[in-house]
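Working notes, beginning with the structure itself.
Please read all numbers here as calculations on a predicted model, not as lab measurements. Quick note on labels: first sequence line is chain A, next is B, and so on, each numbered from 1.
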Protein chains: 2
Amino acid sequence: MTYSIKAVAEKTHLSIYTLRFYDKQGLLPFVSRNQSGYREFTDADLQLLHTITCLKNTGMKIADIRTYIEAVMVGPSTIPTRQQLLAAHREAILAEQRKILANLKEIDFKLNIYNAPKAAQIITAERQYAKAEKLANQLPDPYPELPVASEKVHRD
Amino acid sequence: MTYSIKAVAEKTHLSIYTLRFYDKQGLLPFVSRNQSGYREFTDADLQLLHTITCLKNTGMKIADIRTYIEAVMVGPSTIPTRQQLLAAHREAILAEQRKILANLKEIDFKLNIYNAPKAAQIITAERQYAKAEKLANQLPDPYPELPVASEKVHRD
DNA sequence: ACTTGCCCTAGAGTGTTGTCGAGGGTTTAT
DNA sequence: ATAAACCCTCGACAACACTCTAGGGCAAGT
């Protein structure tokens, strides 16, 4: 049993365009063509494509995925190479995860302020500080004046 | 005390080009200019810039960061908006983290195979299976023949 | 006055990853 | 044999996030 490019697109949630693009980029040298020149994907091909999407989803560049795939095509002699490539990528992922987590913590800190009961006071105070700093440095103040909270002004 | 664009670039590890690009994209409406038209960053500006890099580092698009910054400029009335923006982004980050972790597990699985003592056998078997599958489907075999491991062939 | 080293803008160029249209062949059903 | 629904390549286009160049202004030191 083999799969047409359309079937593979549906299975993998990659577009047909993307699959062809990947092939053009040398990511799919293992996909054979039938006598009409159509791509026919085998199950083993899907396995490899799955590995490719794993690498892509974790942020590996297409050029680096190609390097890995090229090693796969060569055969078992390249196992040490593949090992190194994946191990290095693994470390890159972990480093990126750590970075994102650190940034996430800061976003959570901001969210906590916004969720605090005194949020409006805190934010207003920060704004006042920023405005004062501009003034102290003789710089134009980019912050617009706040509309006055004129409660129930309906004279006449 | 204020900071020149060069000083900010060094502090933030963003290039001067990037800072100007961000300004052009509307990410830095809070940065004032001095009488010569030069940008002067205050400490409060650096705080906001830091928030921007947090959002950028966690994958937020520039257009969305701009939306957030625009809300900040308006004032405390937009606290609910900012809350929603950050909360949604927070969820997007967590979803992405989960996806990456799932993919990382698969990469680790591959790495374990490569690190196994029987790695060469396993890989060779997989390769043989892939080749057989091509054959069974009357497709050309894209895998090259492996060089024979001719041990010590030095006749004459 | 002149050099050096900053700063500015506008707009062109780059790298990456797709996305699509044109033009054309194949397969299947009617 | 003709239509519908596939498939192909090639090359243009696009979105995104920079990166740089050209041309010019400003500020400090010699």
Practice problem: Report the distance from atom CG of A:N57 to atom NZ of B:K99, rounding to the nearest 0.5 Å. | Solution: 4.5 Å
[X], nearest nucleotide to its side chain (from [options]):
{"X": "A:I5", "options": "D:dC18, D:dC8, C:dG18", "answer": "D:dC8"}
{"X": "A:Y17", "options": "C:dC20, C:dG18, D:dC8", "answer": "C:dC20"}
{"X": "B:R33", "options": "C:dC8, D:dT9, C:dG18", "answer": "C:dC8"}
{"X": "A:Y22", "options": "C:dC8, C:dG18, C:dT16", "answer": "C:dG18"}

Quiz item: Rounding to a whole Å, what distance do you find between A:L28:CG and D:dT9:P?
Solution: 11 Å
Quiz item: Could you state the OH-P distance from A:Y3 to D:dC6, rounded to the nearest angstrom?
Solution: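 After rounding, the gap between these two atoms is 18 Å.
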Does [X] pair with [Y] as a salt bridge, N-O distance under 4.0 Å?
{"X": "A:E126", "Y": "A:K131", "value": "no"}
{"X": "A:D141", "Y": "A:K134", "value": "no"}
{"X": "A:R82", "Y": "A:E70", "value": "no"}

Do any side-chain nitrogens or oxygens of [X] fall under 4.0 Å of OP1 or OP2 in [N]?
{"X": "B:T18", "N": "D:dT19", "answer": "yes"}
{"X": "A:S15", "N": "C:dG18", "answer": "no"}
{"X": "B:R66", "N": "D:dA17", "answer": "no"}
{"X": "A:S4", "N": "D:dC6", "answer": "no"}
{"X": "B:S36", "N": "D:dA27", "answer": "yes"}

Practice problem: Please tell me which of B:I16 and A:A63 maps to the more 5' nucleotide of DNA chain C, matching each residue to the nucleotide holding its nearest heavy atom. | Solution: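 In this pair, the answer is B:I16.
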Exercise. Could you pick out which residue, A:K24 or B:G37, lies toward the 5' side of DNA chain C when each is mapped onto its nearest nucleotide?
Key: B:G37
Quiz item: With a 3.5 Å cut-off and just heavy-atom distances, do the side chain of A:Y38 and the base of C:dG25 make a donor-acceptor pair?
Solution: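 In this structure, the two groups form a donor-acceptor pair.
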Quiz item: Looking across every strand, which nucleic acid part, if any, lies under 4.0 Å from B:K6 by heavy atom: base, sugar-phosphate, or nothing?
Solution: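 Answer is sugar-phosphate: B:K6 comes under 4.0 Å of backbone atoms only.
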Practice problem: Report the residue (B:R20 or B:G59) whose heavy-atom-nearest nucleotide on DNA chain D is the more 5′ of the two. | Solution: B:G59
Exercise. Go through the steps for B:T42 and B:D45 under the test side-chain hydrogen bond (donor to acceptor under 3.5 Å, both in side chains), then give the verdict.
Key: CA-CA 5 Å; B:T42 62; B:D45 292 346; 3.2 Å; yes
